[in-house]
Number of protein chains: 2
Amino acid sequence: MQKPNIRPKPVKAISLADQVENNLIEYLNNNNLKAGDPLPKETELAEYLGVSRNVVREALSRLRMLGMIESKKRKGMVLSEPDLLSGVERVLYPNILSEESMKDIFELRLVLEVGMADLIFARLTEESIKSLEDIANREARDPGTNKLKTRLKYEISFHSKLYEMTGNNTLKRFQSMLLPVFNYMMEVESTLEHKPESGKISHFDLIETLKTGTPSNFRKNMREHLTPHYDRL
Amino acid sequence: MQKPNIRPKPVKAISLADQVENNLIEYLNNNNLKAGDPLPKETELAEYLGVSRNVVREALSRLRMLGMIESKKRKGMVLSEPDLLSGVERVLYPNILSEESMKDIFELRLVLEVGMADLIFARLTEESIKSLEDIANREARDPGTNKLKTRLKYEISFHSKLYEMTGNNTLKRFQSMLLPVFNYMMEVESTLEHKPESGKISHFDLIETLKTGTPSNFRKNMREHLTPHYDRL
DNA sequence: ATATGTAATTATGTAGTACATATATGGCAA
DNA sequence: TTGCCATATATGTACTACATAATTACATAT
């Protein structure tokens, strides 16, 4: 007799809270509701969905965390513009994440910094270049750059400014969320034998490229600047 | 008499669920707990934190959504590897997001596809190139590519493969989550006067670059391929 | 008449109890 | 050992009661 072609139970065990959550998100999306639109009361939702208010609140609690809804004491709940990154934010703790995830994030950074050249060029201003120069000059004059921590400070400062210059707030916020992750990886890296810092392209070189070069030049130079990190792949 | 220099209340109104959530995340992180480690029981947490089990469950419900914890019926709860993107996933509905967020996401895609060249080259295989060629050939032989929908199908297929070739699962998953957003924007775009599709660099050109070129070449060509989209900036 | 104070109303926020459900565990029997 | 059954236990769900804050309306004072 042949084995029955049944996979050993998906073992879903989807809780009511899960179902209600999906249900609500679908509802919000399908009805084309916009920020500011009011939602039914908790008790109404509970009754309509045939579950306890408790379950509804667990689902709502999740949406509230993501910024999708806001609740006010007597007014009720309203839909609001969700925060793209607040869901990622809570998860980005190096101690909790796996090596695999950390690697993915690390690579993501390299991809972003090389890829964002066109955005930077499209929104280039005199002031922003000035800011970059200030940072690079302070770095050059600082006698403490033989210490990892000091180098890291300027490195972060410089690159953060570049993210800011893309004019893309999501990108910028994402980068600031990633900083703890990189600090963590840099500390790990610093225990290794080879120093992970000096590429052939300096911050001054990058600034010069912004002034007189093209996005393509900049990508190439940024890639070169990040070579010590790319070598880890 | 001068107006008093008092700002009108920050009006925080942080709920207990919020506090407990933060508290738990901090706890998990500070104690260097790893995936698989058991957590205290709900009742214990409630008692220890001095709140009702209800509140604890709302906070736990959030962490569960993010994949940080898993609960089993009698066993209790265990810490688990959080899912980096599940928090973003639920929010990525074009109807709900603002124009600003959509723009940010759209730009993010352009940044990623131009920036991921080095990852692709580092993990290049014969088979993956073959796959790309298959897609491009099917596209070339398909008589229906005058229709937007058909063009889009091959476009997505080709670019998805590229994400996959980076060997970065987070990146790949992120892209698949973004697809609905792009479909949405393409539909909007298709109502405009100019056709948003043909750059000077074809899919065949990109494949050729992968075979005989360098990451730098590829970035440049990909940028060129995406020119119709970049023009929107 | 404007301003201030006060009470009623209402929806979310929190607490607590009770029970349902699933599952690990141990004991008993074949 | 293997298999079955009872039991204990932690999460999942339901329900009730009350706290809190904010809206509304009304009443009072200057």
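We name chains A, B, ... by the order of the sequence lines, and we start the count at 1 in each one. Values below: all heavy atoms of this structure, side chains included; hydrogens, waters and symmetry mates excluded.
One interatomic measurement links the two molecules: CZ of B:R57 to P of C:dG13, which rounds to 18 Å at whole-angstrom precision. At whole-Å resolution of the value, CG in B:L60 and C1' in D:dA10 are 12 Å apart. For the pair A:L16 CG and D:dT11 C1', the interatomic distance rounds to 13 Å; values are reported in whole Å. A:M77 places its CE atom 11 Å from the P atom of C:dA11, with the value rounded to the nearest Å.
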Return all side-chain donor-acceptor pairs below 3.5 angstrom for residues 28-37 of chain B, not counting sequence neighbours, or 'none' if the list is empty.
residue : atom : partner : partner atom : Å
B:N30   : ND2  : B:E26   : O            : 3.4
B:D37   : OD2  : B:K34   : N            : 2.8

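The shortest distance between the side-chain N/O atoms of B:R64 and the OP1/OP2 oxygens of D:dG12 is below 4.0 Å.
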>> Before you tell me yes or no, could you show the steps for A:S160 and A:K172 under side-chain contact (heavy atoms from CB on, under 4.5 Å), namely the whole-Å CA-CA distance, both residues' side-chain angles and the distance that decides it to 0.1 Å?
In response: CA-CA 8 Å; A:S160 294; A:K172 170 64 181 144; 3.6 Å; yes
>> Could you walk me through whether B:D134 and B:K161 satisfy the salt bridge (charged side-chain N to carboxylate O under 4.0 Å, His left out) test, starting with their C-alpha distance in whole Å, then the side-chain angles of each, then the deciding distance to 0.1 Å, before giving a yes or no?
In response: CA-CA 11 Å; B:D134 284 349; B:K161 183 66 188 175; over 6 Å; no
> Run the side-chain contact (heavy atoms from CB on, under 4.5 Å) check on B:Y184 and B:M102 step by step: do they pass?
Replying inline: CA-CA 10 Å; B:Y184 175 84; B:M102 294 289 278; 3.3 Å; yes
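Two residues are said to be in side-chain contact when any heavy atoms from C-beta on lie closer than 4.5 Å; A:F106 and A:R232 meet this criterion. Side-chain contact between A:L39 and A:L24: absent, with no pair of heavy atoms (C-beta onward) separated by less than 4.5 Å.
Taking every heavy atom of both residues into account, A:A59 and A:V20 meet most closely at CB-CG1, 3.6 Å.
Under the Watson-Crick and G-U wobble criteria, each requiring two contacts below 3.5 Å, nucleotide D:dT30 is paired to C:dA1.
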Polar-atom pairs under 3.5 Å, protein N or O versus N or O of nucleotides 15-18 of chain D: list them with distances, or write none.
residue : atom : partner : partner atom : Å
D:dC15  : N4   : A:N54   : ND2          : 2.9

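Applying the side chain to side chain donor-acceptor pair (under 3.5 Å) test to every pair with at least one member in residues 102-121 of chain A, sequence neighbours left out, gives these pairs: A:K103-A:E107, A:D104-B:T170, A:E107-B:R123, A:E107-B:N168, A:R109-A:E113, A:E113-A:H159, A:E113-A:Y163, A:D118-A:R219, A:D118-B:R223.
For the side-chain contact (heavy atoms from CB on, under 4.5 Å) test with A:L16, the passing option among A:N54, A:V55, A:L49 is A:V55; the others fail.
Every residue two or more places apart in sequence or in another chain was checked for a salt bridge (Lys or Arg N to Asp or Glu O under 4.0 Å) with A:K130, and none qualifies.
For residues 68-75 of chain A, proximity to DNA chain D is found at A:K73, A:R74, defined as any non-hydrogen atom under 4.0 angstrom from a strand atom. For DNA chain D, the residues of residues 36-48 of chain B within the heavy-atom distance limit of 4.0 Å (strictly under) are B:K41, B:E42, sorted by number.
Between the side chains of B:S61 and A:R62, at least one donor N or O sits under 3.5 Å from an acceptor N or O.
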